[in-house]
Amino acid sequence: MALHRLSSVVIGVPNLAETARYYTDFGLTPVESEPGDGGRAFRTVDGGEQLRLVETPLRRLVQLTVGADDHDDLGRVTDRLTRLGIPAEQAPDSVTAVEPATGVRATVAITPRLDQPHIPATPYNGPGRIERVDARAPGVERAAPVRPRKLGHVVIGTTDLATTERFFLDGIGFTLSDRIAGAGAFMRCSTDHHNVLALNAPVSFLHHTSWQVEDIDEIGRGAMTMLEDHPERHVWGLGRHHAGSNFFWYLKDPAGNFSEYYSDMDCVVDDQLWTPETLEGAKGLFNWGPPPPPSFLKPEDLAALMTGAHAGP
Ligand SMILES: [Fe+2]
């Protein structure tokens, strides 16, 4: 019937053990590795195993996996990739292709749909709207560690935005949600506003992965806990994006990849009712929040990644 979810990502890092500790602190649950698999896998509360770390010389997005309903979906993906002249590697229940500009492997696999349990809205008081009486806010009473519910999206820098866009939109079958004028494309393979954002960059690299939490309080609690003994992890937040409308706070793992806690993202259920816009100026980046640090757009290791990329794999 259709693509329906971003199932998982594989991230390559040069410092596996240290980075694995970071994602455990971030609230992902380590999964017992299979003997000899050479990686570290992590689960989210609702999404199952969604992150695998592997060792690579330079940090990078190695692979992403998209969920589809059935073999007809896989057939359509294969046909579209073939029309673009991109080889599609077929397995019984999946199709895999390499995105030509970034080298990221994209797999579309037949996967059950993600059915997240309904969580009642957090009561917030407002003018003429008292939802919570005689009690402190849940956000100040919560004591349990923050645990991301699912992987939301991945953002990659690409040296050839047109090629990367064509691969995801015309090849894999993503839908365009919005554009950043001359700089990027927000694309979805689910009802989330974006599951992949491709950004123009001088070198192909992983910008960030983003992880859903229940509400804005969980973003704040999660980030504060991450920063407690590690102020160097802070990148940018708290704020609200314009594209996707989500609240955000970005942190940095020890390999240099950003990871985002997000909540309240726009959901597109009827494609006919969403009109993609081209966002100009600051709106492409955010709606409100502190000014983004220069290292958000140009991570500090970008020059090193460029040198490394030119030196070979
Ligand atoms: Fe994001």
Side-chain angles (χ1 to χ4, degrees), residues 5-9 11 22-23 26-28 44 47 50-51 59-61 64 66 102 104 146 148-158 161 164-165 168 174-180 183-201 204-216 218-220 222-223 226 233-253 255-268 276-277 279 282-299 302:
R5 66 178 293 202
L6 176 63
S7 304
S8 62
V9 287
I11 302 177
Y22 171 94
Y23 285 99
F26 190 74
L28 304 184
T44 56
Q50 298 206 279
L51 170 65
R59 68 180 184 90
R60 60 185 291 253
L61 179 65
L64 61 84
V66 169
T102 59
V104 171
V146 170
R149 309 294 305 207
K150 69 167 187 178
L151 168 68
H153 59 270
V154 59
V155 177
I156 47 176
T158 171
L161 181 58
T164 304
E165 247 190 81
F168 283 107
F174 278 59
T175 304
L176 181 74
S177 288
D178 281 313
R179 277 184 208 284
I180 307 173
F186 293 92
M187 300 174 280
R188 65 181 185 274
C189 61
S190 73
T191 55
D192 294 335
H193 175 273
H194 54 283
N195 300 107
V196 171
L197 163 60
L199 288 172
N200 253 332
S204 293
F205 74 104
L206 171 58
H207 188 274
H208 71 266
T209 54
S210 188
W211 303 86
Q212 183 194 51
V213 294
E214 287 83 348
D215 57 28
I216 189 171
E218 292 303 90
I219 296 180
M226 288 295 282
R233 288 173 169 172
H234 176 70
V235 177
W236 185 32
L238 169 76
R240 189 162 190 143
H241 284 303
H242 190 88
S245 303
N246 55 299
F247 295 112
F248 66 81
W249 197 320
Y250 292 89
L251 302 153
K252 185 168 69 172
D253 77 21
N257 308 295
F258 301 155
S259 62
E260 175 187 19
Y261 289 119
Y262 82 91
S263 71
D264 194 23
M265 175 167 281
D266 294 334
C267 282
V268 182
E277 284 181 42
L279 305 168
K283 267 190 186 175
L285 207 49
F286 72 138
N287 188 284
W288 61 258
S295 66
F296 182 75
L297 287 177
K298 289 197 169 48
L302 214 52

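Read the numbers this way: they start at 1 and go in the same order the structure lists the ligands and their atoms.
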### Message
So Val196 and Val155, do their side chains get closer than 4.5 Å, heavy atoms only?
### Response
no
## Note on the structure
Applying side chain to side chain contact (heavy atoms under 4.5 Å, CB included) to Asp264 and not counting sequence neighbours gives Arg240, Phe247
### ring pair (Phe, Tyr, Trp, His ring centres under 6.0 Å) involving Phe168 - partner list, sequence neighbours excluded
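Per chain and number, Phe168 pairs via ring pair (Phe, Tyr, Trp, His ring centres under 6.0 Å) with Phe174.
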### Sphere of radius 2.8 Å around the Fe ion (ligand 1) - protein N, O or S atoms inside
His153 NE2, His208 NE2, Glu260 OE1
### Set of residues satisfying salt bridge (Lys or Arg N to Asp or Glu O under 4.0 Å) with respect to Asp266, sequence neighbours excluded
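With neighbours one apart ignored, the set is empty.
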### Query
Could Asp178 and Lys283 be called an ion pair, given the rule that one side-chain N must be under 4.0 Å from one carboxylate O?
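No, this pair does not count.
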#### Entry: Electrostatic pair Arg179:Glu277 at N-O distance under 4.0 angstrom
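No salt bridge links Arg179 with Glu277.
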